[in-house]
Enquirer: 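Dumping the structure here so I can ask a few things about it.
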Amino acid sequence: MPRKPDIVLVLADDMGFSDIGCYGGEVRTPNLDRLAASGARLTQFYNTARCSPSRASLLTGLHPHQTGIGILNYDDSPDGYSGTLNDSCVTLAEVLRPAGYGTYLSGKWHMSNDLRNPSDAWPTRRGFDHFYGTLAGAGSYFQPATLTRGEENIEHEALEDGFYYTDAISDNAVSFVRRHHDERADDPMFLYVAYTAPHWPLHALEEDVAKYAGRFSAGWDELRRERLRRLVEMGIIDENWDLTDRDPDVPAWEDAGNKEWEALRMAVYAAQIDRMDQGIGRILDELEATGRLADTLFVFLSDNGGCAEEMPPDTAKDFVTAFVDFAPTTRDGREVVPGNVPDLAPGPESTYATYGTAWANLSNTPFREYKHWIHEGGISTPFIVHWPQGLGTTPAVRTTPHQLTDVMATVLDVSGADYPERFEGRAVLPLEGHSMLPTLRGEPGDPARTLFWEHEGNAGARRGDWKLVRKYGLDWELYDMGRDRTELHDLAAEHPDIVAELAGAYEAWAKRCGVLPREQVLKLYAERGHGLPT
């Protein structure tokens, strides 16, 4: 009997829709471009707008609220989300291991509310044979907190000269491939590679930053226009969709202060993605060297859109210590300066900065909004699928809408693994997703299917070309995605019947999936002192 296909799932963190080369961006990503050149690119694949919820949905095939992770990995039970994977879901690893797969994770987990003590929501207790990575959601690339192998804290390993977390994730992923092939060559493998790149802080290696010297000096306005042109030429964006306006909080490039520093911020961000792509190349090389690449379903995507979070120097320390285990000094004892400090070059270990709203606006070209929101800039991700033996090597661009719940269904379809009604004595919620194999093979999608999203009260639903979306506290907006995917022409007033129909469908979905009212979450967060994440 032939071996089942290997499955490699690679996730970027806080990377926009159009950053990488094969989606129109300036970042040099030859390895991702290579996958796209002999695989499929989806143009309308959606995440869930935030780190933890996207990971929960990706790995379980459920909506994040059903898994206990409605916002982040904070424990707000019993009245709020538990912030940790619950017993009502199963992970891809838990489904694939009984089907004979070796299961491996290298990188970020971010789905347990206990970051220091092994719990039932740690990777090794949710189906992964081997784990190397971090339990936390963000942190220094030179001193990552919660660095763990198996269930053992190994933060001391980051103190070694030359440690850089993106490289460590790649190195361990390569090691897992080699180890599996040496020990279980006839068994299929599931490898989940969850990079933290390019999530803040802007930490990159000098040699990578140097590649982008001057590349972003034209500024965000001109670069957004150039990206749109390339996206249209690639067939990813319809030429009839207008480019969104510059974010109102962002000045015209000609009016921006300290242009050299601004361009450097984006160069460091690009360098983080570049380094990730280099690591992906090493994983591909190892798969090829072991003869496994041709029958590997290799998937690449991002967990949400580009992140517009600014980090003013006067509030930066409070911000980072609220969300991460912040190291105040470098490995050699220098002070780490948190925040976007003009004239302080980001990138080194002694800095802790973000690339900000203007460059996130570029990252999400041509769409509106960012991470956190359900407008296209928050939930649209590049999505590359490469599987020569199953899909051939003719490059394809597929336009059928899909979302994260569909990854589990697709993996089940490819692997032949069974999705259980019960797992280890507990009931499991039914799978929410649909297999993407028909789409990947060029078949038309189901026009009656409705996709749903909610995060922090921001909400949306899409059926066919109609998308209903709102920001928390504001009215529903309605867009025709076939004519206006950049969401510039709100048609809610012209089609109240469609608004009512989709709003009703959304409310039914929200009730069924355990979506909490944002007012309730706000109250809980205020009571417990950590404030609603922004």
Side-chain angles (χ1 to χ4, degrees), residues 9-12 15-17 23 40-67 69-70 89 91-92 236 297 299-305 364 367 369 371-385 398-414 419 429-440 443-456 458-470 479 481-482 485 487 502 505-506 508-510 512-515:
L9 185 59
V10 179
L11 185 68
M15 192 190 79
F17 179 76
Y23 275 77
R41 283 172 292 172
L42 273 63
T43 68
Q44 300 192 74
F45 190 91
Y46 294 111
N47 51 52
T48 63
R50 193 73 174 278
C51 307
S52 294
S54 283
R55 283 163 170 72
S57 189
L58 174 69
L59 286 186
T60 67
L62 301 177
H63 295 288
H65 320 80
Q66 296 173 294
T67 73
I69 302 181
C89 61
T91 69
L92 283 166
I236 294 172
L297 178 74
V299 177
F300 173 83
L301 72 160
S302 178
D303 64 350
N304 45 250
N364 296 335
F367 302 127
E369 300 300 345
K371 171 183 178 179
H372 300 280
W373 286 279
I374 307 303
H375 288 79
E376 295 291 284
I379 60 175
S380 298
T381 173
F383 193 91
I384 303 169
V385 182
R398 306 299 187 200
T399 60
T400 299
H402 285 281
Q403 63 183 141
L404 287 173
T405 56
D406 297 343
V407 173
M408 169 73 86
T410 306
V411 167
L412 295 173
D413 203 355
V414 167
Y419 186 86
L429 290 172
L431 183 65
E432 294 280 340
H434 296 201
S435 174
M436 292 181 283
L437 279 188
T439 291
L440 294 169
E443 299 175 22
D446 177 5
R449 186 188 181 193
T450 308
L451 308 180
F452 298 100
W453 303 267
E454 190 277 342
H455 183 67
E456 296 181 344
N458 305 305
R462 177 170 175 177
R463 180 179 298 155
D465 281 340
W466 290 114
K467 180 184 174 186
L468 190 73
V469 62
R470 72 181 177 198
Y479 297 99
M481 294 282 102
R485 193 177 165 209
E487 299 172 310
L502 285 176
Y506 170 82
W509 168 82
R512 178 175 66 80
C513 292
V515 176

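All values derive from a computational prediction rather than experimental measurement.
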Enquirer: Please report the shortest heavy-atom distance between W373 and E369, naming the atom on each side.
Expert: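 Looking at all heavy atoms of both residues, the shortest contact is CB-CB, 4.0 Å.
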
Enquirer: Roughly how far apart are S380 OG and N47 CG, rounded to 0.5 Å?
Expert: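 Between atom OG of S380 and atom CG of N47 there are 7.5 Å.
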
Enquirer: Between Y23 (side chain only) and F383 (backbone N and O only), is there a donor and an acceptor less than 3.5 Å apart?
Expert: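 Pair found, side chain donor or acceptor close to backbone of F383.
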
Enquirer: Listed by chain and number, what are the side-chain hydrogen bond (donor to acceptor under 3.5 Å, both in side chains) partners of T48, not counting sequence neighbours?
Expert: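 side-chain hydrogen bond (donor to acceptor under 3.5 Å, both in side chains) check on T48 returns S54.
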
Enquirer: Output, in order, the C-alpha distance, side-chain angles, deciding distance and verdict of side-chain hydrogen bond (donor to acceptor under 3.5 Å, both in side chains) for E376 and Y46.
Expert: CA-CA 8 Å; E376 295 291 284; Y46 294 111; 2.9 Å; yes

Enquirer: So, for L62 and P430, which heavy atoms are closest and what is the spacing to 0.1 Å?
Expert: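 L62 and P430 have their closest heavy atoms at CD2-O, 3.2 Å.
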
Enquirer: Could you grab the distance from atom CG of L440 to atom CG of D413, nearest 0.5 Å is fine?
Expert: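 Reported value, rounded in 0.5 Å steps: 10.0 Å.
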
Enquirer: Could you walk me through whether W453 and H455 pass the side chain to side chain contact (heavy atoms under 4.5 Å, CB included) test, one step at a time?
Expert: CA-CA 7 Å; W453 303 267; H455 183 67; over 6 Å; no

Enquirer: Is it the case that the ring center of W509 lies less than 6.0 angstrom away from the ring center of H65?
Expert: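 Yes, ring centres under 6.0 Å apart.
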
Enquirer: Hey, could you give me the NE2/CZ distance between H375 and F367, rounded to the nearest 0.5 Å?
Expert: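 Separation between the atoms: 12.5 Å.
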
Enquirer: Are L301 and L404 close enough that some pair of their side-chain heavy atoms sits under 4.5 Å apart?
Expert: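 L301 reaches L404 side chain to side chain.
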
Enquirer: Working to the nearest 0.5 angstrom, can you tell me the gap between I236 CD1 and Q44 CD?
Expert: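 It comes to 11.5 Å.
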
Enquirer: Are the charged groups of E432 and R512 less than 4.0 angstrom apart, N to O?
Expert: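 Salt bridge between E432 and R512, a charged N being under 4.0 Å from a carboxylate O: yes.
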
Enquirer: Under 4.5 Å between any side-chain heavy atoms of K371 and C51, yes or no?
Expert: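 Yes. Closest side-chain heavy atoms under 4.5 Å.
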
Enquirer: Any carboxylate oxygen within less than 4.0 angstrom of a Lys/Arg side-chain nitrogen, looking at R463 and D446?
Expert: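 A salt bridge is absent here (no side-chain N lies under 4.0 Å from a carboxylate O).
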
Enquirer: Mark yes or no for whether R462, through its side chain, and G464, through its backbone, hold a donor-acceptor pair below 3.5 Å.
Expert: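 Here the side-chain-to-backbone pair exists.
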
Enquirer: Which heavy atom in T450 sits nearest to a heavy atom in A461, and how many Å separate them?
Expert: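 T450 and A461 have their closest heavy atoms at CG2-CB, 4.3 Å.
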
Enquirer: Would you indicate whether the side-chain heavy atoms of E487 and V469 approach each other to under 4.5 Å?
Expert: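 Answer yes - side chains close enough.
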
Enquirer: Any donor-acceptor pair under 3.5 Å linking the side chain of T410 with the backbone of M436?
Expert: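 Side chain of T410 to backbone of M436, a donor-acceptor pair under 3.5 Å: yes, one is there.
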
Enquirer: For a 4.5 angstrom cut-off between non-hydrogen side-chain atoms, does R50 reach E456?
Expert: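 Side-chain contact under 4.5 Å: yes.
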
Enquirer: What class does the angle between the rings of Y506 and F452 fall in, given that below 30° is parallel, 30 to 60° is tilted and above 60° is perpendicular?
Expert: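 Aromatic pair Y506/F452 classed tilted.
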
Enquirer: Using modelled atom types and a 3.5 Å cut-off, is there a donor and acceptor pairing between side-chain atoms of S302 and backbone atoms of N304?
Expert: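 Answer holds: yes.
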
Enquirer: Does the cation-pi check pass for R485 over F17, that is, NZ or CZ under 6.0 Å from the six-membered ring centre and within 45° of its axis?
Expert: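 Geometry flag: set, cation within 6.0 Å and 45°.
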
Enquirer: Quick one: pull up CZ in R449 and OG1 in T400 and give me the separation to the nearest 0.5 Å.
Expert: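 Answer for the CZ-OG1 pair, R449 versus T400, is 10.5 Å.
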
Enquirer: So do R398 and T43 actually touch side chain to side chain, heavy atoms under 4.5 Å?
Expert: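 Contact flag for T43/R398 side chains = no.
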
Enquirer: Drop me the distance from L431's CG to L412's CG, to the nearest 0.5 angstrom.
Expert: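 One gets 6.0 Å once the value is rounded to the nearest 0.5 Å.
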
Enquirer: With side chain to side chain contact (heavy atoms under 4.5 Å, CB included) as the criterion, how do I384 and V10 come out once you've worked through the C-alpha distance, each side chain's angles and the decisive distance to 0.1 Å?
Expert: CA-CA 10 Å; I384 303 169; V10 179; over 6 Å; no

Enquirer: Looking at every non-hydrogen atom in both residues, tell me the closest pair between L11 and D303 and how far apart they are.
Expert: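 Closest heavy-atom pair between L11 and D303: CD1-N, 3.7 Å.
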
Enquirer: Locate the shortest heavy-atom distance separating T60 from M408; write the atom from each residue and the value.
Expert: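 So the minimum-distance heavy-atom pair works out to O-CE, 3.6 Å.
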
Enquirer: For S57 and H63: C-alpha separation, side-chain torsions, deciding distance, then whether side-chain hydrogen bond (donor to acceptor under 3.5 Å, both in side chains) applies.
Expert: CA-CA 5 Å; S57 189; H63 295 288; 5.2 Å; no

Enquirer: If you compare all heavy atoms of G16 against all heavy atoms of P382, which two are closest, and at what distance to 0.1 Å?
Expert: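 For G16 and P382, the tightest heavy-atom pair comes out as O-CD, 3.8 Å.
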
Enquirer: Please report the C-alpha distance between L42 and H402 in whole Å, then the side-chain angles of each, then the deciding distance to 0.1 Å, and finally whether the side chain to side chain contact (heavy atoms under 4.5 Å, CB included) criterion is met.
Expert: CA-CA 9 Å; L42 273 63; H402 285 281; 4.2 Å; yes

